[in-house]
Structure formats: C-alpha cells, structure tokens
Amino acid sequence: MSNTNNNIESVLVENRVFPPDARALQGARISGMPAYEALCAEAAADFEGFWARQAKEHVVWTQPFTRTLDESNAPFYQWFDDGELNVSANCLDKHMGTPVEHKTAIVFEADDGTVTKISYRDLLGRVSQFANVLKAEGIQKGDRVVIYMPMTIEGVIAMQACARIGATHSVVFGGFSAKALQERIIDAGAVAVITANYQLRGGKELPLKAIVDEGIALGGCESIKTVLVYERTLSDWKRVEGRDKSFTEALDALEGQSHECAPVPVGAEHPLFILYTSGSTGKPKGVQHASGGYLLWAKLTMDWTFDLRPDDVFWCTADIGWITGHTYVAYGPLAAGATQVIFEGIPTFPHAGRFWQMIEQHKVSIFYTAPTAIRSLIKAAESDEKVHPKNWDLSSLRILGSVGEPINPEAWMWYHRNIGHEKCPIVDTFWQTETGGHVITPLPGATPLVPGSCTLPLPGIMAAIVDETGKDLPHGAGGMLVIKRPWPSMIRTIWNDPERFKKSYFPEEMGGTIYLAGDGAVRSEDRGYFRITGRIDDVLNVSGHRLGTMEIESALVAKTDLVAEAAVVGRPDDVTGEAVCAFVVLKRGRPTSDEEARKIAAELRSWVAKEIGPIAKPKDIRFGENLPKTRSGKIMRRLLRSIAKGEAITQDTSTLENPAILEQLGQAY
Ligand code: 6R9
C-alpha cells in the first residue's frame with residue numbers, strides 16, 4: 001500500500017515528540033508517566049486484585065462478585081461471573097440524586113441543524129417507558145433484538161432499553177443492505193426489529209423501514225414477531241398488520257400504566273450485545289460482548305483515555321452501528337455522567353465546516369473522530385477557505401481523539417495545529433470491535449505523543465509483538481500484535497460459532513490462549529511505542545469501516561448472470577485510507593469497449609451495494625480474461641495488489657498461463 005508505505009516512511013523518521021503541557025497534566029486522573037507506570041506495575045504484580053479494585057470502583061453491582069477471573073475454560077474467559085448488575089442502571093439510575101440527575105445527557109443536533117437536549121432524569125424516563133414497550137411486546141431477558149436506526153436520541157434509547165430488560169441487542173448500521181440485515185436477523189435469531197421510517201442524512205430522506213421489510217421478505221426471518229418504527233419524518237411507511245407498530249402507538253397502548261421500569265439484574269457474563277463485523281471469510285462474525293466487563297471498560301476508558309471531567313462536553317462522531325458508537329456514544333459517556341453531542345448528519349452537509357461549527361456552537365471540549373474524516377476535511381479546507389476551521393472558535397477543545405485506522409503523521413499534524421491549536425493532546429486510540437474499548441492509547445495527562453503512534457497499552461493490557469510461533473520480537477522488528485492476558489471487555493465468543501472464535505483469535509501455534517488481534521505492529525526502539533501497520537488478514541479498512549475481501553468476492557460472484565470469477569484486494573487511497581479494488585472475469589468474456597466496461601462496472605457496483613451496502617462498492621473494477629494464478633491454481637493476490645496500486649511488477653510472473661492478462665488488468669473502471 002503506497003499510502004501506508006509513505007506513512008511508514010514518514011513515521012520511521014518521525015522524531016517529533018509532544019509531551020503533555022501544564023494544562024493537560026494539571027488535575028489529570030493519571031498525571032505524568034510515573035502515575036501510569038504505577039498502575040501498570042500494580043496490574044503486573046496482582047492482576048486479579050487490580051481488576052477487582054477497578055470493577056468495584058467503577059461499576060454498581062446489585063450482587064457483588066467474589067470471583068474476578070475464571071480461566072478454567074480458556075479462551076472462554078469469564079470475568080466477575082458471580083456478580084450481578086444492570087448496565088442501563090449503571091448509565092442512568094446511578095446518577096439520580098447526584099448533581100448529574102439534571103445535567104444534560106445528550107445534545108442532539110439533527111441533520112437540518114435543529115438542536116434537542118435531554119437531561120439524565122428525562123433520559124431515564126424515556127428509556128424506562130420504552131423498556132416497558134419491549135416488555136409489552138413479550139420481549140424477555142436473553143431475547144435478541146435487532147436495531148436498525150439512524151443516529152438519534154431514540155437509537156440510544158433503544159439500546160439502553162434492551163439493556164434495561166436484559167435483552168441482547170444487535171445494532172446493524174443504517175448503511176447496510178436488506179440482505180446484510182436479513183443475514184444478521186437470522187444468525188442472531190432476533191425476535192424484534194427496532195427501526196425508523198426514514199433516516200435523514202445530508203438533506204436526503206433515506207428509507208429504513210422499507211429495507212427492513214425487504215430484508216424480512218428475503219426469507220428465514222420467522223423469528224421476528226415485532227417491528228417497532230420510530231417516525232423520524234412525517235412521511236408514510238407501509239405497515240404489516242399485526243407485526244408493525246409505531247413508537248407512538250406502542251407508547252399510547254401503555255397509557256395509564258407506570259412509566260417506571262425496574263432494571264433487570266443480569267449476571268456479569270450475560271450477553272449485552274452482538275455486533276457483526278467482517279472477518280477473513282465471507283460470513284460476518286457476531287462478536288458477543290458480556291455485561292459487566294464491557295461496562296467497566298466503557299466507564300474506565302472515559303476516565304483514563306479522555307480524562308473526563310464534570311464540565312466536559314464530549315463528542316464522538318461514530319455511528320451507533322459501529323463498536324465506537326456502542327462504547328463511546330451509547331454506554332461510556334452515560335456511565336461516566338458526561339454531556340455528549342450526538343449528530344444525525346454528515347460532516348460535509350450543508351458545508352464541510354459543519355464539525356467545526358458544531359464544536360463552536362456546543363462548546364465541545366473532547367472531540368473524537370476518524371482519520372478518514374480528518375483527511376476529507378483537510379482536503380475541503382484546502383480547496384475552500386470558507387470551510388477552513390480557522391473560521392470558527394475552537395477554544396473550548398481540550399482533548400482530541402482518533403480511531404478506526406492508523407492516522408498518518410501529516411493528518412495528525414494538521415489536526416494538532418488547526419483543530420487543537422497546538423494545545424490539545426491527541427489520543428490515537430487503537431482498539432477493535434473485539435476488544436470492546438481502547439487497548440493501546442496515549443493518556444492525555446501522561447504520555448508524550450509521537451504522531452502516527454498509538455503509543456502504549458492501557459494498564460493491565462499485556463500487549464506484545466510476536467512471530468508466528470508466539471515468540472516475542474525485539475523492538476524495531478515488525479510482527480503480529482497480540483494481547484497475552486485476558487481483559488474484562490474482551491470478546492466472549494462468536495455468536496453461534498465458538499469454534500470460529502477459537503480459530504480466529506487464539507491460534508494453536510501460540511498455545512491457544514493468547515489473543516491475536518489480526519493487525520501487524522512494530523514498537524519503536526527508543527520508547528517501545530506501538531505503531532499499527534495494518535491488518536495482516538483479508539480485512540480491508542475503508543474509511544475506518546472493516547470489510548472482508550472474501551465478503552465482497554462472494555457478493556460479486558453471486559451475480560451469476562455476469563460474473564464467472566472475482567478477486568478483491570485493497571489499494572491505498574488518500575482520503576479513505578484503503579479503497580476496494582475488484583478483479584473480475586465475466587462469463588461473456590472481456591468487455592469489448594470502454595463504454596461497455598463502464599456500464600458493467602456500474603452495474604456491479606450497484607449490485608455490491610445491494611448485497612452488502614454502499615460502503616463495500618469497489619472503487620476500481622478491472623476486467624481480465626482470467627485471473628493471475630499460481631500453478632497450483634491459487635490467485636496471486638500479491639500481484640493483484642501491485643496492479644491495483646499501479647506499481648511496477650516485481651513478482652515472478654513466469655508461471656502465468658496467460659501473461660497477456662497483466663495488460664488487460666492494467667485498466668481500471
Ligand atoms: C474501533 C474500531 C478494528 C481495526 C483494527 C485496526 C484498525 C482501529 C486504530 C486502528 C491503527 C488506530 N484500527 N483503530 N489502526 N490505529 N488507532 O475501529 O473497531 O471497526 O473493529 O476495526 O481498525 O486495523 O484491527 P473495528
């Protein structure tokens with residue numbers, strides 16, 4: 001990947017260091033490196049004691065735990081397993097009778113700029129009422145509920161209401177297709193879908209409920225008994241009698257009944273949610289998280305990584321359809337009693353200064369976004385003075401964050417100068433759907449920052465870089481990122497597929513108990529800082545979204561009237577980090593004109609959008625008579641990656657049956 005390679009080169013010579021200044025150090029929860037090191041030492045000396053202390057301090061237990069960590073069935077680790085709690089009570093009820101009760105929990109800014117605020121007290125009321133709706137629909141503890149919602153207060157309410165009654169939610173990102181939704185409903189065995197009639201993004205009204213109908217109509221979704229519809233807009237939606245209800249109707253039906261809903265205590269290991277993510281095979285993995293350990297992590301990392309203070313205004317721009325929107329929108333900020341901003345729209349509507357305008361308007365003090373957003377806003381600011389961040393007052397900012405993919409030092413420096421005005425620490429947080437929350441990240445009041453590096457593991461996270469056999473590698477040597485000991489918010493299993501869980505994350509060659517992240521990494525020789533070099537499996541990272549190459553390949557070959565064979569690789573892209581590049585063999589042979597090639601490419605793109613979602617659409621499509629293969633018939637992916645990048649071919653191509661295809665594949669549509 002030339003982009004990443006450039007980044008690597010610039011990071012290799014990266015010797016700029018930004019120690020925390022007086023403002024960041026002062027009053028920080030973890031102030032200075034000795035404080036960080038003391039926590040690490042405590043965790044190393046008494047691992048279980050350390051986590052027990054954190055879990056007692058940060059979580060309200062209805063039944064205290066006596067066992068901290070059970071490793072008897074590793075890698076199916078269990079944390080605090082005889083304890084009981086309710087996650088929603090830890091986010092809402094806990095604050096009643098404290099100064100947080102009447103504090104604003106959520107500042108919601110709609111796509112059109114309308115602002116709505118809700119206090120912790122009122123949010124508790126809304127979540128309780130909606131939890132009563134779920135109960136009235138017969139939804140019980142342990143049932144799975146699919147949530148297909150826009151970024152709204154109601155989306156968070158839906159998640160919290162599930163947690164309140166012990167139902168396991170599975171949020172599906174609103175950009176996923178009917179087919180993707182159907183697959184997730186079936187795999188999770190969901191009994192209900194919570195959705196909205198439409199979502200509003202960039203001034204456009206996009207259907208959600210209609211996609212739910214379409215997904216269910218694809219078949220196999222008989223488990224679904226209820227579809228609850230939030231009427232986000234006034235537009236009509238089609239109703240299936242006996243199955244569908246609007247939020248208003250469902251709430252009206254409870255008229256006269258108590259608005260309260262006692263939180264249902266669940267065991268610490270009770271599955272709070274399943275979130276599907278891409279892996280190396282065609283089928284997405286249902287990453288299952290527990291209640292106790294996950295909630296602990298959401299709360300703890302708000303304190304550690306963001307050094308949250310009572311008067312902060314926190315804004316994480318992630319959608320609730322991704323893990324970042326789970327931990328740092330739906331749970332973490334509420335568990336920590338923060339005021340947070342939730343934004344319905346997109347960063348470029350009505351203009352590319354929207355983020356900066358919102359920071360000024362809501363006096364945001366902690367801003368957490370993805371490198372891809374930063375890069376696209378840099379581009380916009382460079383081409384149009386009017387949307388440059390200098391036009392807005394960003395002095396409320398105290399801490400900046402980055403997540404989702406490696407941030408290149410150039411983007412880091414721009415963020416530091418133009419958004420942070422050289423005063424705000426940038427926390428480059430490395431983590432994954434599977435880790436539940438941050439695992440390797442700077443601490444704003446302690447860690448000297450190096451652009452492009454996620455620096456050091458959080459206390460208690462035993463991260464290391466190893467070779468294929470699990471042997472530690474010296475600093476400076478690139479290898480595989482692993483975490484050698486379990487941690488409370490780790491993935492518990494893959495829903496319905498414990499074998500895949502073991503195979504994907506705990507390789508036998510390494511002993512079967514060490515967590516393999518799936519990323520390559522290297523530690524700097526001087527400080528031992530981690531730098532993530534990218535995925536080592538067949539997973540692409542496009543705009544911070546994980547996409548499996550196999551998933552896209554299966555979608556392409558499912559277009560059986562057109563496609564004979566397909567291979568998908570990633571190539572670097574200045575804005576999205578990586579871009580999807582597809583190599584396709586058509587049944588009818590190669591297109592005979594540019595016009596035909598463009599037409600088929602467009603058809604294939606919309607097909608992939610239908611099969612998976614618009615985010616998976618290939619940016620480049622190249623047509624060949626066949627694909628370059630080794631003698632044993634394996635697709636030469638390394639060669640495809642070189643072609644996709646447009647770089648000189650250095651691989652041995654002598655085994656190619658048909659060298660002419662190299663030329664054919666040179667043209668991208
Ligand atoms: C939280 C989230 C996980 C993958 C991960 C890695 C990449 C995330 C990163 C980063 C470098 C960072 N990634 N944060 N790479 N620096 N700060 O994004 O979860 O969607 O599961 O993606 O994203 O490759 O393995 P998820």
Side-chain angles (χ1 to χ4, degrees), residues 1 3-4 7-8 11 171 173 175-176 273-280 284-289 294 297-298 301 305 316-329 331-332 368-375 400-409 411-412 415 426-442 447 449-458 463 480-483 489-491 494 504-505 515-522 529-548 551 570 576-578 615-616:
M1 301 187 295
N3 185 33
T4 309
N7 298 348
I8 289 170
V11 177
V171 184
F173 174 59
F176 275 119
F273 65 86
I274 306 165
L275 183 60
Y276 288 84
T277 187
S278 297
S280 309
K285 310 186 262 203
V287 173
Q288 179 183 322
H289 277 286
Y294 175 81
W297 211 257
T301 49
T305 313
C316 165
T317 65
D319 191 283
I320 53 166
W322 308 110
I323 189 69
T324 309
H326 280 57
T327 313
Y328 301 106
V329 177
Y331 292 109
Y368 189 35
T369 196
T372 186
I374 298 168
R375 287 192 299 263
L400 301 175
S402 171
V403 60
E405 52 182 317
I407 178 164
N408 46 310
W412 196 101
Y415 199 28
I426 297 177
V427 288
D428 175 0
T429 60
F430 169 83
W431 59 295
Q432 310 173 296
T433 304
E434 293 86 346
T435 68
H438 308 149
V439 283
I440 307 181
T441 177
T447 320
L449 305 172
V450 171
S453 167
C454 54
T455 73
L456 295 169
L458 286 175
M480 293 186 271
L481 178 65
V482 296
I483 305 178
S489 66
M490 70 193 297
I491 174 176
I494 292 177
S504 310
Y505 303 112
Y515 175 79
L516 179 72
D519 279 291
V522 59
Y529 276 10
F530 288 75
R531 183 166 53 77
I532 307 297
T533 51
R535 299 288 306 190
I536 49 172
D537 52 11
D538 296 320
V539 171
L540 304 184
N541 192 324
V542 180
S543 298
H545 301 324
R546 266 166 76 169
L547 294 168
E551 220 175 315
T576 59
E578 275 188 291
I615 46 169

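Note that the structure is a prediction, hence the values are computed from the model and not measured. Atoms within a ligand are numbered from 1 in the order they appear, just like the ligands themselves. Along the sequence shown, residues are numbered consecutively beginning with 1.
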Compute the centroid of each ring, for Phe176 and then for His545, and state whether the two points are separated by less than 6.0 Å. no

Once salt bridge (Lys or Arg N to Asp or Glu O under 4.0 Å) is applied, do any residues pair with Asp538, and if so which ones, sequence neighbours excluded? none

Which class fits the ring pair Phe173 and Trp322: parallel under 30°, tilted 30 to 60°, perpendicular over 60°? tilted

List in chain and number order the residues that pass salt bridge (Lys or Arg N to Asp or Glu O under 4.0 Å) with Glu551, two or more places apart in sequence or in another chain; answer none if no residue qualifies. none

Please name all residues satisfying salt bridge (Lys or Arg N to Asp or Glu O under 4.0 Å) with Arg546, sequence neighbours left out, ordered by chain then number. Glu434

With the threshold set at 4.0 Å, does a side-chain nitrogen-carboxylate oxygen contact exist between Glu405 and Arg375? yes

Contacts for ligand 1, heavy atom under 4.0 Å, by chain and number, are Ile323, Thr324, Val403, Gly404, Glu405, Pro406, Asp428, Thr429, Phe430, Trp431, Gln432, Thr433, Asp519, Ile532, Arg535, Asn541, Arg546

